[in-house]
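Please read these numbers as outputs of a predicted model, since none were measured by experiment. Each chain gets a letter, A, B and so on, in the order its sequence line appears, and its residues count up from 1. Below, all heavy atoms of this structure are taken into account, side chains as well, without hydrogens, waters or symmetry copies.
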Protein chains: 2
Amino acid sequence: MKINPRSHIPIYLQIAEGIREAVAAGVYLIDEPLPSLRALALEIQVNPNTVQRAYDELAREGLIYSKRGRGLFVAEQGEESAQSVAQQTIAEQAVQNAFQEGIRAGRAAGMTLKQLRSLFSASLDESTKQETKA
Amino acid sequence: MKINPRSHIPIYLQIAEGIREAVAAGVYLIDEPLPSLRALALEIQVNPNTVQRAYDELAREGLIYSKRGRGLFVAEQGEESAQSVAQQTIAEQAVQNAFQEGIRAGRAAGMTLKQLRSLFSASLDESTKQETKA
DNA sequence: ACTACTGCATTAGATGACTAATGCACTAAG
DNA sequence: CTTAGTGCATTAGTCATCTAATGCAGTAGT
């Protein structure tokens with residue numbers, strides 16, 4: 001798993017995404033153990049609490065479950081859930097943060113919801129254009 | 001001007017919006033003085049620095065200009081800018097920048113356009129909710 | 001010059017998000 | 001029972017954002 005400590009995206013969200021992708025890819029199977037807090041923390045050179053927070057996030061999503069003293073495991077609906085939601089929740093946080101920042105700025109500037117929606121569509125068009133010239 | 005100190009929207013942005021609306025409504029005319037920092041601060045029961053920050057924001061947008069020792073004044077393009085474009089040019093860029101950042105992050109994570117639109121709607125709901133609480 | 005107003009700069013306090021340090025409680029193998 | 005592993009709770013440190021306290025510097029009327 002690759003972690004960028006200098007990213008503006010919080011480490012715990014990067015970790016969560018990494019696990020989510022791995023589960024979706026079938027690296028960890030249902031009811032099989034995930035890397036322990038300390039093991040993963042050691043691997044990516046971060047505090048176990050940060051890994052814990054990532055696992056908390058995934059547990060809140062129902063992707064995994066934990067047994068005290070045992071370890072962390074992929075939940076029943078974990079794999080499919082990870083596949084469908086997959087890379088949605090890392091962004092669900094990061095993307096929504098960006099969106100809300102824009103919304104906040106817009107509303108503070110007196111924009112209506114309609115205007116904001118219009119701007120979003122325009123932004124979407126802009127982005128999809130640029131995508132083809134890569 | 002109505003200010004909600006308990007809103008999640010920073011006070012200085014609320015003030016900026018209030019001034020912007022007033023300028024757009026023709027309450028303050030071109031090259032006419034705006035309320036002084038302290039006067040406005042006293043009126044809405046807030047620190048002059050907070051008002052200053054609001055005026056800084058508007059000055060950065062080109063809506064107003066300041067003369068040290070004299071006061072703050074509506075810029076030439078201030079009124080029209082506030083009416084038609086203002087909330088749709090400078091602010092538009094800021095908003096679109098935020099949106100596109102979110103879109104970029106989302107697409108990098110493999111999201112579809114549909115998912116992005118859904119997330120945007122969710123963000124919009126979130127933002128409008130928090131606006132009314134207390 | 002004095003005075004009373006301006007905007008502005010510097011500094012500090014309050015709050016929230018993120019990460020780390022440390023220790024507790026539980027489980028299982030020996 | 002001891003031990004080495006587990007997850008988890010508590011606390012603290014760091015950083016950015018927002019707001020306030022205070023003082024400086026410019027302008028104009030008297």
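Here the nucleotide nearest the side chain of A:Arg70, chosen from C:dC18, C:dT27, D:dA20, is C:dT27. Closest contact between the side chain of B:Ile11 and the listed nucleotides D:dG7, C:dT6, D:dT19 involves D:dT19. Each of D:dC8, C:dA20, C:dT19 was ranked by its minimum atom distance to the side chain of A:Arg53; first place goes to C:dT19. Set against D:dC18, C:dT22, D:dA20, the side chain of B:Tyr12 has D:dC18 as its closest nucleotide. Nearest nucleotide to the A:Val46 side chain, out of C:dA20, D:dC8, C:dC8: C:dA20. Checked against C:dG7, D:dC8, D:dT6, the side chain of B:Leu72 finds its nearest nucleotide in C:dG7. Set against D:dA20, D:dT6, C:dA21, the side chain of A:Arg38 has D:dT6 as its closest nucleotide.
Applying the 4.0 Å criterion to OP1 and OP2 of C:dC8, one finds that B:Gln52 has a side-chain N or O inside that range. Phosphate proximity of D:dA20 to B:Thr50: present, with a side-chain N or O under 4.0 Å from OP1 or OP2. The side chain of B:Ser36 places no N or O atom within less than 4.0 Å of a non-bridging phosphate oxygen (OP1 or OP2) of C:dC5. Contact annotation: A:Ser66 side-chain N/O to D:dC8 OP1/OP2 distance is under 4.0 Å.
Residues B:Leu13 and B:Pro10 meet the side-chain proximity criterion, which asks for heavy atoms closer than 4.5 Å. Side-chain contact check for B:Tyr55 versus B:Leu34: some heavy-atom pair is nearer than 4.5 Å.
Contact record, A:Ile30 with A:Glu76: CD1-O, 3.0 Å, taken as the closest heavy-atom pair.
In the interface, the side chain of A:Asn49 is not paired with the base of D:dA12 through any donor and acceptor atom under 3.5 Å apart.
Atom-to-atom, OH of B:Tyr55 to P of C:dG7 comes out at 8 Å; the value is rounded to the nearest Å. Taking atom CZ on A:Phe73 and atom P on D:dT6, their separation rounds to 11 Å, with Å as the unit.
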